[in-house]
Amino acid sequence: MSYWTLSLTLIFVLIPLLLSKTLNLGLGRDMTVATLRSIVQLLAVGYVLKFVFDSESLLYIFLMVALMIVAATHNAQKKGAAIQGIIWKIAVTLIFVEVLTQGILIGFNITPATAQYIIPISGMVIGNSMVLSILFLNRFTAEVEDHQDQTELILSLGGTPKQAIHRQLINSIKASMIPTIESQKTVGLVQLPGMMSGQIIAGADPIQAVQFQLLIMFLLLTTASVTSVFLGYLSYPTLFNKRMQLLKG
């Protein structure tokens, strides 16, 4: 694709801009900023990735993955501001998920230990883990607030913090995982996933593209479950003080 062809794709930005203007949606500025940021960020990342891929330096790979984790942590922590130490909890969760998934991929020789595989797959894993963290924290904080009386009642009857918060925790974990599970139920019927479509457009064998897409889908299912459970069990103890009383948000 040439830069001229790429510029023609801005037609797909112009259409929503015109709709926003016509219907007075007030989204024109946000869409313009989002478009400009996506162009600058993706082109910059493209050149950086080309440099990293050519160098094959483990240090550069580590720095790229670390940058992803820092950015994802910063974005996700806003939804859990009421939870003490939420920044390090999210960071530890993202690191754990990244090490677990890459450890399996490289340890079982599923994918090579090269920048070409590690960085794109890490981006998908960390990005998905970030979204799952946001979904979990958003639901969990709402569940805790809505069932505060019930939680305090269980504590007053001698229940432990884990017993008092169990239902809210489980409901939040399940709710955050549902989008991932439901999307996998309809894959190939309702939509062709991005990675598979990209490989086919690039000329890859469709069966090979399907195999890689299945790898990513299974990987994201593990990411969803581990992120929600790990972050949940890191988060709930800090909602209580040493006297096992629920802290007010």
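Small disclaimer: the values here were computed from a predicted structure and weren't measured.
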Notebook entry, point to check: When you look at CD of Q150, are more than 12 heavy atoms from neighbouring residues, nucleotides or ligands closer to it than 6.0 Å?
Noted result: yes
Note to self: On a heavy-atom basis, which atom in K89 and which in T238 lie closest, and how many Å separate them?
What the structure shows: NZ-CG2, 3.4 Å
Notebook entry, point to check: Got more than 12 heavy atoms from elsewhere within 6.0 Å of CZ, F62?
Noted result: no
Notebook entry, point to check: Are a donor atom and an acceptor atom from the side chains of S133 and T227 found within less than 3.5 Å of each other?
Noted result: no
Check: Can you tell me if S156 uses its side chain to pair, donor with acceptor, with the backbone of L153 under 3.5 Å?
Finding: yes
Margin query: Between T222 and L219 (side chain of the first, backbone of the second, donor and acceptor by atom type, cut-off under 3.5 Å), is there such a pair?
Written below: no
Next item on the list: Could you tell me whether the side chain of S225 and the main chain of L221 form a donor-acceptor pair under 3.5 Å?
Entry: yes
Note to self: Once rounded to the nearest 0.5 Å, what's the spacing between atom OG1 of T101 and atom CE of M124?
What the structure shows: 10.5 Å
Check: Between L27 and L14, is there a shared hydrophobic cluster once you connect ILVMFWY residues whose side-chain heavy atoms come closer than 4.5 Å?
Finding: no
Checklist line | Note, N75 side chain near I134 side chain (heavy atom, < 4.5 Å) | finding: yes
Note to self: In this structure, would L8 and L17 fall into the same cluster of hydrophobic residues linked by side-chain contacts under 4.5 Å?
What the structure shows: no
Next item on the list: Kindly give the heavy-atom pair with the smallest separation between L135 and P179, and that separation in Å.
Entry: CD1-CG, 4.2 Å
Next item on the list: Please examine the side chains of Q77 and L137, heavy atoms only from C-beta on, and report whether any two atoms are closer than 4.5 Å.
Entry: no
Next item on the list: Check step by step if side-chain contact (heavy atoms from CB on, under 4.5 Å) holds for V92 and I95.
Entry: CA-CA 5 Å; V92 168; I95 292 170; 5.7 Å; no
Margin query: Tell me whether the count of non-hydrogen atoms from other residues, nucleotides or ligands lying under 6.0 Å of CD1 in I87 goes above 12.
Written below: no
Check: Counting N and O atoms only, with roles assigned by atom type, does the side chain of H166 sit under 3.5 Å from a partner on the main chain of K162, one being a donor and the other an acceptor?
Finding: no
Note to self: Has S129 got a side-chain atom pairing as donor or acceptor with V125's backbone, closer than 3.5 angstrom?
What the structure shows: no
Next item on the list: Flag the pair Y117 / T114 as yes when at least one side-chain heavy-atom distance between them is below 4.5 Å, and no otherwise.
Entry: yes
Checklist line | Closest contact, heavy atoms only, M177 versus A224 | finding: CG-O, 3.9 Å
Check: What distance separates Q148 CD from Q168 CD, expressed to the nearest 0.5 Å?
Finding: 10.5 Å
Notebook entry, point to check: Do I86 and S235 have side chains that get closer than 4.5 Å, going by heavy atoms?
Noted result: yes
Notebook entry, point to check: Can you tell which of I39, T32, V33 makes a side chain to side chain contact (heavy atoms under 4.5 Å, CB included) with T35?
Noted result: I39
Next item on the list: Please round to the nearest 0.5 Å and tell me the distance separating atom CD1 of I15 and atom CE of M31.
Entry: 11.5 Å
Next item on the list: Please examine the side chains of L215 and L105, heavy atoms only from C-beta on, and report whether any two atoms are closer than 4.5 Å.
Entry: yes
Notebook entry, point to check: According to a 4.5 Å side-chain heavy-atom criterion applied to Ile, Leu, Val, Met, Phe, Trp and Tyr, with indirect links allowed, do L231 and V144 form part of one hydrophobic cluster?
Noted result: yes
Checklist line | Considering all heavy atoms, the nearest P120-A115 contact | finding: CD-O, 3.4 Å
Margin query: Test of understanding: clusters of I, L, V, M, F, W, Y form through side-chain heavy atoms closer than 4.5 Å, transitively. Do F96 and W88 belong to the same one?
Written below: yes
Next item on the list: Measure the shortest side-chain to side-chain distance between Y60 and V48 over non-hydrogen atoms and say whether it is less than 4.5 angstrom.
Entry: no
Margin query: Using every non-hydrogen atom in the two residues, find where I90 and A76 come nearest and quote the distance to one decimal.
Written below: CD1-C, 3.7 Å
Margin query: Is any side-chain heavy atom of D146 closer than 4.5 Å to one of E143?
Written below: no
Check: If you draw a 6.0 Å radius around CG in L19, do more than 12 non-hydrogen atoms from other residues or ligands fall strictly inside?
Finding: yes
Margin query: Would you say that L239 contacts P161 through its side chain, given a criterion of any heavy-atom pair below 4.5 Å between the two side chains?
Written below: no
Margin query: Any side-chain to backbone donor/acceptor pair from Q184 onto M217? Under 3.5 Å, distance only.
Written below: yes
Notebook entry, point to check: Can you tell me how far CZ of F240 sits from OG1 of T160, rounded to the nearest 0.5 angstrom?
Noted result: 8.5 Å
Note to self: Minimum heavy-atom separation for G159 and L155, please, with both atom names.
What the structure shows: O-CD2, 3.5 Å
Margin query: Nearest 0.5 angstrom please: I118 CD1 to Q102 CD, how far?
Written below: 5.5 Å
Note to self: With rounding to the nearest 0.5 angstrom, report the OG1 to CG distance, T180 to N128.
What the structure shows: 5.0 Å
Notebook entry, point to check: For the residue pair F140 and F136, does the interplanar ring angle fall in the parallel (under 30°), tilted (30 to 60°) or perpendicular (over 60°) class?
Noted result: parallel
Margin query: Consider side chain to side chain contact (heavy atoms under 4.5 Å, CB included). Of V65, I61, L59, L67, which one does L63 pass it with?
Written below: L59
Note to self: In this structure, would V70 and L49 fall into the same cluster of hydrophobic residues linked by side-chain contacts under 4.5 Å?
What the structure shows: no
